[in-house]
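Step one of this worksheet: look at the structure below.
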There are 2 protein chains.
Amino acid sequence: MSSSKRKRYKFPKTTVERLSYYFRALEEMAKRGIDTISSEALGNKLNIKSSQIRKDLSYFGYFGKRGMGYDVRYLLKELRYILGLDREWPVIVVGAGHLGLAISRYPGFDMRGFSIKAIFDMDTEKVGTDIDGIPIKHVDEMEHFIRENEIEMAIIAVPAEHAQNVADTLAAEGIKAILNFAPVTLKAEDDIRILSVDLTTKLEALAYYMSFNKDKLWKIIN
Amino acid sequence: MSSSKRKRYKFPKTTVERLSYYFRALEEMAKRGIDTISSEALGNKLNIKSSQIRKDLSYFGYFGKRGMGYDVRYLLKELRYILGLDREWPVIVVGAGHLGLAISRYPGFDMRGFSIKAIFDMDTEKVGTDIDGIPIKHVDEMEHFIRENEIEMAIIAVPAEHAQNVADTLAAEGIKAILNFAPVTLKAEDDIRILSVDLTTKLEALAYYMSFNKDKLWKIIN
DNA sequence: TAGATTGTTAATCGATTAACAATC
DNA sequence: TAGATTGTTAATCGATTAACAATC
């Protein structure tokens with residue numbers, strides 16, 4: 001039923017994330033006036049093996065010239081298209097705490113076409129104000145706003161204990177992708193894409209790595 | 001020379017991150033008065049297979065009772081020890097922009113023993129003020145502060161173009177672990193642990209997944 | 001042409017999972 | 001004891017990498 005006749009190619013989940021790194025590095029190179037780059041040179045810059053880069057790109061097409069490398073502007077254009085960055089993505093943020101506000105102002109989002117259209121919160125002190133032109137609205141207005149503005153992506157920046165609730169509400173209101181900053185594992189139907197950014201987990205991983213060679217563990221990794 | 005006679009066990013890099021999820025889930029359970037849990041039940045909560053959980057834990061010891069599951073408080077205690085969370089970690093933040101300040105106030109860090117001791121910036125308007133009791137100091141004072149307070153961990157929250165510079169400085173001043181929020185790949189010597197949190201990459205991955213089944217790509221994943 | 005570098009194959013390496021004997 | 005659930009083995013699955021023929 002849902003499976004098309006078209007051949008499907010699998011690729012590692014890690015590839016999409018790396019494409020994003022390639023895109024960013026190429027953007028910087030374009031800015032510096034570099035117009036051709038080899039997988040070797042790009043790999044050096046990103047600490048990624050050149051064969052990994054070539055393989056990642058090969059899942060999507062032929063972008064290089066043998067003996068020459070990749071045309072920076074051309075590859076940028078293709079990656080922009082592959083990553084879906086050739087359009088504007090209207091986004092809402094739920095949670096107007098320190099983190100929610102910092103995220104709303106994060107310059108990196110706007111640069112990539114992610115445009116924060118509104119921030120939602122329950123705190124009536126904050127509702128009605130705005131942050132750099134982005135209105136803070138009451139969560140009760142969320143459903144209407146999502147439909148009115150055809151929002152598909154949302155960022156959750158509320159405390160852990162409210163996050164699942166917010167996710168359920170967003171799902172019911174038609175959101176298709178969620179970037180979650182709350183430190184919980186969210187549950188949702190399969191048609192909703194959820195990715196989490198975990199601020200503490202990585203710091204904890206660092207703490208682990210700082211501890212382990214100080215003779216604290218029975219068994220040590222390599 | 002550096003290799004001890006002790007047997008070394010390898011385990012996946014992903015394991016440490018999952019231990020951190022287990023810890024968090026168990027903490028919440030302890031708070032709710034649950035005192036025993038099976039790998040099956042914990043897995044359901046975290047969308048992780050029970051065999052994965054048992055395997056992860058098995059790298060570090062025997063924590064469960066067959067037929068009974070795991071004692072929540074005991075496992076918490078062991079995980080706290082393994083993750084190095086049984087001590088205080090003094091941390092500094094470099095960059096007093098919106099993100100740096102939000103990070104400095106993030107309640108999740110303090111809860112885990114990560115204590116932000118100071119924020120460093122070059123902006124003389126900000127230097128001398130404080131955020132919730134955390135002083136903002138000039139970067140020139142950083143080296144002295146690091147030595148004086150025996151800081152080993154730092155968080156980078158400066159613009160991409162300054163991040164490598166800051167990392168080099170931190171390394172020279174004796175920092176051993178860096179959590180990087182700047183959207184660049186940092187280079188450093190092997191004895192310095194760097195992990196990055198990338199705010200845009202995940203949003204880009206979501207954008208990709210929202211685009212791909214809209215007939216945009218030649219080759220489609222599964 | 002000679003040199004460089006891609007795109008792709010095949011081998012290796014690493015991580016997850018099912019299955020089950022051990023045992024509480 | 002019977003039932004439940006661990007700890008561990010072995011199979012499977014997935015991702016990375018070296019190597020090289022193709023070709024600019």
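When reading the values below, keep in mind they use all heavy atoms of this one structure, side chains included, and skip hydrogens, waters and symmetry mates. Only a predicted model underlies this, so the values are computations on that prediction, with no experimental measurement involved. So you know, we letter chains A, B, ... as the sequences are listed, proteins then strands, and number each from 1.
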Salt bridge Glu28(A)-Arg32(A), side-chain N to carboxylate O under 4.0 Å: yes
Test: Arg147(B) and Glu173(B) ion pair at under 4.0 Å: no
Interface with DNA chain D, restricted to residues 15-25 of chain B and to heavy atoms under 4.0 Å: none
Sorted by number, the residues of residues 26-34 of chain B with heavy-atom contact under 4.0 Å to DNA chain C: none
Gap between atoms CG and P, on Asn47(A) and dT16(D) respectively (whole Å): 15 Å
Angle of first-five versus last-five pair axes in the helix from dG3(C)-dC24(D) to dC24(C)-dG3(D), to 10 degrees: 10°
Atom-pair distance (NZ on Lys13(A); P on dT16(D)), nearest Å: 11 Å
Distance, rounded to the nearest Å, where Asp71(B) contributes CG and dC24(C) contributes C1': 14 Å
Option from Ile103(A), Val94(A), Ile156(A) for which side-chain contact (heavy atoms from CB on, under 4.5 Å) with Phe181(A) holds: Ile103(A)
Ionic contact status for Arg18(B) with Asp56(B), cut-off 4.0 Å: yes
Protein-nucleotide distance (Phe11(A), atom CZ; dA15(D), atom P), rounded to Å: 10 Å
Between P of dC13(D) and NZ of Lys10(A), the distance in whole Å: 9 Å
Gln52(A) CD to dA15(D) P, straight-line distance once rounded to whole Å: 10 Å
Distance test, side-chain N/O of Ser51(A) to OP1/OP2 of dA19(D), below 4.0 Å: no
Below 3.5 Å, can you tabulate the donor-acceptor pairs from side chains in residues 65-73 of chain A to any protein atom, sequence neighbours excluded?
| from | atom 1 | to | atom 2 | distance (Å) |
| --- | --- | --- | --- | --- |
| Asp71(A) | OD1 | Arg73(A) | N | 3.3 |
| Asp71(A) | OD1 | Tyr74(A) | N | 2.8 |

Distance-only donor-acceptor check, side chains Thr200(B) and Arg24(A), under 3.5 Å: yes
Cationic N near anionic O, under 4.0 Å, Asp110(A) to Arg105(A): no
Glu161(B) atom CD, neighbour heavy-atom count above 12 within 6.0 Å: yes
dT8(C) phosphate, OP1 or OP2, under 4.0 Å from Tyr62(A) side-chain N/O: yes
Electrostatic pair Arg112(A)-Glu27(A), nearest N-O below 4.0 angstrom: yes
Nucleic acid footprint by protein, nucleotides 1-6 of chain C - heavy-atom cut-off 4.0 Å, B for base, S for sugar-phosphate alone: ---BBB
Lys117(A) side chain to Ser115(A) side chain, donor-acceptor N/O pair below 3.5 angstrom: yes
Spacing of Lys49(B) atom NZ relative to dT12(D) atom C1', expressed in whole Å: 13 Å
Arg54(A) versus Ser39(A), side-chain donor and acceptor atoms under 3.5 Å: yes
With Tyr106(A) via ring-ring contact (aromatic ring centres under 6.0 Å, His included) - residues at least two apart: Phe109(A)
Any donor-acceptor N or O pair under 3.5 Å, side chains Tyr208(A), Glu204(A): no
Partner of Phe114(B) by side-chain contact (heavy atoms from CB on, under 4.5 Å), out of Leu85(B), Leu179(B), Ile155(B): Leu85(B)
Between P of dT12(C) and NZ of Lys55(A), the distance in whole Å: 16 Å
